[in-house]
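These notes are about the structure you will find just below.
In what follows, chains carry the letters A, B, and so on, assigned in the order in which the sequence lines appear, proteins first and then strands, with residues in each chain numbered from 1.
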Amino acid sequence: MSDTPPILLWLRRDLRLSDAPALSAACESGAPVIPVYIRDSLLDGLGAAPKWRLGRGLEVFGKTLEAKGSRLILRSGDPLDVLAGLVETTGAKQVFWTRLYDPESIARDSGVKEGLKAKGIDAKSFSGTLLFEPWEVETKDGGPYKVYSPFWRTVKKRDVAAPSSAPKQIPAPDTWPESEALDDWDLGRAMNRGAAVVERYAEIGEDAAGDRLAAFLEEGIDDYKAGRDRLAEAGTSGMSVFLTTGEIGPRTIWHAGMRALHEGSTGAETFLSELAWREFAWHLAYHTPRILDRNWREKWDAFPWEDDERKAEVKAWKQARTGVPLVDAGMREMQVTGTMHNRARMITASYLTKHLMVHWRVGQHWFDAHLIDRDAASNAMGWQWVAGSGPDASPFFRVFNPETQQEKFDPEGAYVRRWIAEGQDDPPETALDYFEAIPRRWARAPEDAYPDKPIVGLSEGRERALDAYGAVKD
DNA sequence: CTACCCTTGTC
DNA sequence: ACAAGGGTA
């Protein structure tokens, strides 16, 4: 064993043992495997909540590796420098990793690949983050898709590679390189006291992901089509946070959904199509990366967005005190749990971009900092879909009415009561948790009065937004 | 080129 | 009914 040079497995968003082609390839080679996670500028640049969640994922995954006789080596610095240094100290001849598709990761990874190859190292990237490589899905004319439905019609006919199973053992080297301590990274620091609250609601690690998927397939998928829309129910799959950290792979989910489909589950097709939405978001981000930070349709640059974050309307939206209960409930769910029901995301986003006429990027940045399931492509696409500036976006005149939405999707008011304590004699823990999670400087308490009217009225805001739409139409 | 189609809505 | 231009086969 000691004669065989080890393989460095550079982990990023693939904190799992199964459905992990890079890990499987490394283990099957017979060489010792050294799993490495590098704290680089991309990790440092993450928002508070996703950074905390990744740290928790690393903690759990480190233990998972130890149970397999392996370890997770932690290092800080420029990835090429770190990997080149480890190549020197370990004698590794190969470095494997799972591909990512955002512009910063692509730039970083191609630089690393080039730098390692220049040193004679076999640097290899693998699939595993997505169902398909973004360049493998094309229209008949050979270009990328810009509309979801034809993308979906194409994707659902494709074969998805079967997920690999977890390796029985991960060959260990005779000597391990030095590792930094995860605690020293203090990845939850920016969360302040919010981390302790979100922790109560969070599920972490590959085993938790598998349990969640199994429970969903057992209880949730049959009624998924309607159930996913009901705000007070656990009708969604809950897979997003595990996909973001890579604690589950998309192929695992796809094949589970396909099995349910073949067994006649009525919600399976809708479920699979949601996974394809994630795929579509990365397809768009890969082919038109400007979707991540600019209006995808340039004519939307003319729209008179408000982007001064100090404005009272923006503060009210962020602090969940707009006076529109369903909007504030969604924003509080995010503060407390680090996630928000998909429908609430649309409703809160619509209120910000339409009624308050605030730039979608303000909301995108807020979500980037507060969602533990933050996904760069899905978040950007979602905001531009609601705002109207994206590909295949909702027409701008389609404005969500939070009252109508509440009648349809929270008819008993259970979701609003779960998250808004004010005015309740005996508010639930969930609603009280909000006051524990928020920054102290917001100085809010459950006994404060809730705003007696919306900061911008529903019909007033709707009309103002539709009037402003003329700036884009002409 | 044409014909058909376009996640999640509202009034 | 509104309002809508553009994507895809």
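Counting non-hydrogen atoms under 4.0 angstrom, R228(A) reaches a base of the nucleic acid. Contact annotation for D392(A): backbone-only contact, meaning every heavy-atom pair under 4.0 Å involves sugar-phosphate atoms and none involves a base.
Between the CZ atom of F409(A) and the P atom of dT10(B) there is a distance of 8 Å, rounded to whole Å. The distance between atom CD of E460(A) and atom C1' of dT10(B), rounded to the nearest whole Å, is 18 Å. In this structure, F151(A) atom CZ and dT8(C) atom P are separated by 11 Å, rounded to whole Å. Atom pair Y148(A):OH and dT8(C):C1' shows a separation of 16 Å (rounding to whole Å applied). Summarising the geometry, the separation between CG on D141(A) and C1' on dC1(B) is reported as 13 Å, rounded to the nearest angstrom. The distance between atom CH2 of W385(A) and atom C1' of dC6(B), rounded to the nearest whole Å, is 12 Å. In this entry the distance linking NZ of K354(A) with P of dT10(B) reads 11 Å, nearest Å. When rounded to the nearest whole Å, the span between CD of E274(A) and C1' of dT8(B) equals 9 Å.
Taking the six-membered ring where the residue is Trp, W152(A) and Y148(A) present parallel rings, their angle staying beneath 30° rather than reaching 60°.
Remark: the separation of the C1' atoms in dC4(B) and dA4(C) is 15 Å, to the nearest Å. The separation of dA3(C) from dC5(B), taken at their P atoms, amounts to 23 Å, rounded to a whole angstrom.
Salt bridge status for K354(A) with E463(A): absent, with no side-chain N to carboxylate O gap under 4.0 Å. Under a 4.0 Å N-O distance rule, the pair E233(A)/R343(A) does not qualify as a salt bridge. Using a cutoff of 4.0 Å between basic side-chain nitrogens and carboxylate oxygens, R444(A) and E422(A) are not scored as salt-bridged. Salt-bridge formation is detected for the pair R12(A)/D109(A): a Lys NZ or Arg NE/NH1/NH2 atom is positioned less than 4.0 Å from an Asp or Glu carboxylate oxygen.
If you check the side chains of W296(A) and T288(A), you find a donor sitting under 3.5 Å from an acceptor.
When distances are taken from the side chain of K140(A) to each of dA9(C), dT10(B), dT8(B), the shortest belongs to dA9(C).
Pairing for dC4(B) is with dG7(C), a Watson-Crick or G-U wobble pair whose two hydrogen-bonding atom distances lie under 3.5 Å.
For the pair Q405(A) and dT10(B), the criterion of a side-chain N or O lying under 4.0 Å from OP1 or OP2 is met. Phosphate contact (OP1/OP2 of dC11(B), side-chain N/O of N401(A), threshold under 4.0 Å): present.
With sequence neighbours excluded, the residues forming a salt bridge (charged side-chain N to carboxylate O under 4.0 Å, His left out) with K311(A) are E306(A), listed by chain and number.
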Close N or O pairs between protein and nucleotides 2-7 of chain C (under 3.5 Å):
unit_1: dA4(C); atom_1: OP1; unit_2: K473(A); atom_2: NZ; d: 2.9

